[in-house]
Each structure stands twice: as C-alpha cells, then as structure tokens.
Protein chains: 2
Amino acid sequence: MNATFIEPFAEAVKSTLAMMASIELTQQPQQDKADSVARGELSSVIGMVSPQLCGSMAITFDKPLSLAMMQNMLGETHGEINADVADMIGEMTNIICGSAKAALSEQGYEFNMATPVVITGENHVIHHHVEGPSTITTFISPKGNAYLEVCFDK
Amino acid sequence: MNATFIEPFAEAVKSTLAMMASIELTQQPQQDKADSVARGELSSVIGMVSPQLCGSMAITFDKPLSLAMMQNMLGETHGEINADVADMIGEMTNIICGSAKAALSEQGYEFNMATPVVITGENHVIHHHVEGPSTITTFISPKGNAYLEVCFDK
C-alpha cells in the first residue's frame, strides 16, 4: 500500500521544486530503505492522519540543494543552513504535502496534515517507525539530491 | 495556548520513563525556544491532528540517557545509537503521546496521532514550523537530559 501512495508525493516534490525554485529533479527508482540510508543536513517531517490513514512524510535535502532553493526562490545567498533556510524548508514541506493531499483526495483518500518539523545537522538519519518494509525515493539535480520517504501504517 | 498543552506531555514523559525504564526525570521550567537550542543525538517527532488541533511533539534525548533506557527496559547493552535504539525510542514516543492524548481527551481536546519518525545523528537541531513563539522543556536525570517541545498551530 505504501508504494501506491508514494507517487503523488514524488510528483509533488518535483512539481513544487520546479515551479517555486526552478530546480528540475530527476526521479530515481524506489529502493528498499534497508539498502539506502540518506545522510542529509536538512530534513523535514510532517505527520498525516485521517480515519483511514496514519503516516508520515520525510524529505531530506543535500545542503547545496537547500541553499540553491533559497537563492532561486527568495534571491537570498546563504553559505550555511540557518533558521531562515529551515523556515523555507518547513513551508515547502507544507506545499508539497498539500499538493499530494489534493491528488490523493481525488482518488478518494483523505487525510489532514500536522505541522512540519525541520531537522538540521550534519549526517543525520531518518527512521520511520512503522510496521513492514519502507522504501526511499532519490531525486537527483545538479545542485544536489533530495530523498523522499512516505510511510503509512494502515 | 501551547503552554496549556505542554503539561500533559511533560507528565507523560516523566511517567513513561519512570514506569517503563525506571528513570526519574526532574522537570525544569519552560524556556523560550529562541534561548535554548537542544543539540541531541536522538530525537523523535510525531504529528497530531484533529478538527480542533494541528501540531507536533518532538523529544530529544542525550545519548547516554537513550542507552540507559535500552538497558533498563530491555536489558540490552548498546554502546552506540543504532536501529534497535531508534526503534525503542519510536515506541516510547507512541506511548508518551498516547498518554498525553488520553489526558487531553479528558479535558475535551481530541486528536489522532501520526506515525513517529526518529532522527539520529550528532548535534542535530529540531525546528518546529509553526506561527508564534515556542517553548522547550528540559528534563534532567543522572543519565542525561531529555528535551520536549510541543507546538500546536491552532
């Protein structure tokens, strides 16, 4: 079931970065999470809940990609990840998840979104606490990679 | 409003660690988040959603405290934070949030919980993406500190 749900989120990541930050991402095939650990410097997590569904989405960004998003979206040059960059990523997470929510709603799946939480720090790793295997989707760009993981428990 | 909601979560952190891991935490007064950045090695985030409420809870644990929890709860000695430790923290997060959910339900506030996401990595920092100021509550124990942040958007 998780695999079915990932595509609307993957489409939302690509369309949001293209539209808002003029960054074209190339989506790679899904990989088993066990074989593919993303160590990022900036991640964002958002919870999703409905009577039907319960899950979380996490996106991890390479540092140069997140700084390029700041430059392209806001015209701001930042050399390091700071509170402003974290804030932008939190807002992007709302937009990405909202876009996937709209797409899934058309398929009859409804959920509400929690508030995003952004994590900064070199080489951190995200672990989803759900039953069963999970997959990770990598997006490649000239500025760096992004990694998407979407897990639903039911 | 956020301040009102924090106490049931703080009580749940203390009672869960006391009951399940025999670790007594001493709660410190709430501090403005701006003045108090917790840099942890292990954090857990869980989203909370209802028609009334939308928020997230994050708990950051010092490494020695998380390893002591493994020892006391499961009798397992781990020298480093690994997938087993992350899994235990994900489960503890479910229990803590579920306990606070039950307490808030008695006060007329209902919400559903998303799935927990656990973050590992030295010196990472958690940023809640919500409107308005947020506070952080520190818990001290002989094994290390825990840091709780609960934010609701409405």
Inset, instruction - Report yes if some heavy atom in the side chain of B:Ile6 is under 4.5 Å from a heavy atom in the side chain of B:Thr135; otherwise report no. - result: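 Yes; the side chains approach each other to less than 4.5 Å.
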Best-contacting candidate, [options], against chain B by heavy atom pairs under 4.5 angstrom:
options	answer
A:Asn112, A:Ile119, A:Val117, A:Thr120	A:Thr120
A:Ile46, A:Asp87, A:Ile126	A:Asp87
A:His128, A:Glu91, A:Glu41	A:Glu91
A:Ala114, A:Ser43, A:Gly47	A:Ala114
A:His127, A:Met113, A:His124	A:His127

Legend entry - A:Lys101, NZ: over 12 other non-hydrogen atoms inside 6.0 angstrom: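 Atom NZ in A:Lys101 is packed in, count exceeds 12.
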Inset, instruction - Report, as yes or no, whether the 6.0 Å neighbourhood of atom NZ on B:Lys14 holds more than 12 heavy atoms from other residues, nucleotides or ligands. - result: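 For B:Lys14, atom NZ is crowded (more than 12 foreign heavy atoms under 6.0 Å).
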Inset, instruction - Could you go through the side-chain contact (heavy atoms from CB on, under 4.5 Å) check for B:Phe9 and B:Met48 one step at a time? - result: CA-CA 12 Å; B:Phe9 290 90; B:Met48 300 171 285; 3.5 Å; yes
Inset, instruction - Taking heavy atoms only and a threshold strictly under 4.5 Å, list by residue number the residues of residues 61-75 of chain A that touch chain B; give 'none' if the list is empty. - result: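 Within residues 61-75 of chain A, near chain B: nothing under 4.5 Å.
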Under 4.5 Å from any heavy atom of chain B - which part of [X]:
X	value
A:Val125	both
A:Glu122	backbone
A:Asn123	backbone

Inset, instruction - Kindly work out whether a path of hydrophobic side-chain contacts (I/L/V/M/F/W/Y, heavy atoms less than 4.5 Å apart) joins B:Val118 to B:Met57. - result: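 Same cluster: B:Val118 reaches B:Met57 through Ile, Leu, Val, Met, Phe, Trp or Tyr contacts under 4.5 Å.
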Legend entry - Polar contact flag, side-chain donor to acceptor under 3.5 angstrom, B:Glu110-B:Ser50: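 Short answer, no.
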Legend entry - Evaluation steps, side-chain contact (heavy atoms from CB on, under 4.5 Å), between B:Leu104 and B:Phe111: CA-CA 9 Å; B:Leu104 282 165; B:Phe111 61 84; 3.8 Å; yes
Legend entry - Step-by-step side-chain contact (heavy atoms from CB on, under 4.5 Å) determination, B:Met92 to B:Leu17: CA-CA 8 Å; B:Met92 288 292 275; B:Leu17 264 77; 3.9 Å; yes
Inset, instruction - Quick one: pull up CD1 in B:Ile95 and OG1 in B:Thr16 and give me the separation to the nearest 0.5 Å. - result: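 Output value for this atom pair is 6.5 Å.
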Inset, instruction - Name the option with the most non-hydrogen atom pairs under 4.5 Å to chain A; the candidates are B:Gly121, B:Ala83, B:Gly55. - result: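 Ranked by contacts with chain A, first place is B:Gly55.
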Inset, instruction - In sequence, state the C-alpha distance, the side-chain angles, and the governing distance for B:Phe139 and B:Asn145, and then conclude on side-chain contact (heavy atoms from CB on, under 4.5 Å). - result: CA-CA 6 Å; B:Phe139 302 88; B:Asn145 293 356; over 6 Å; no
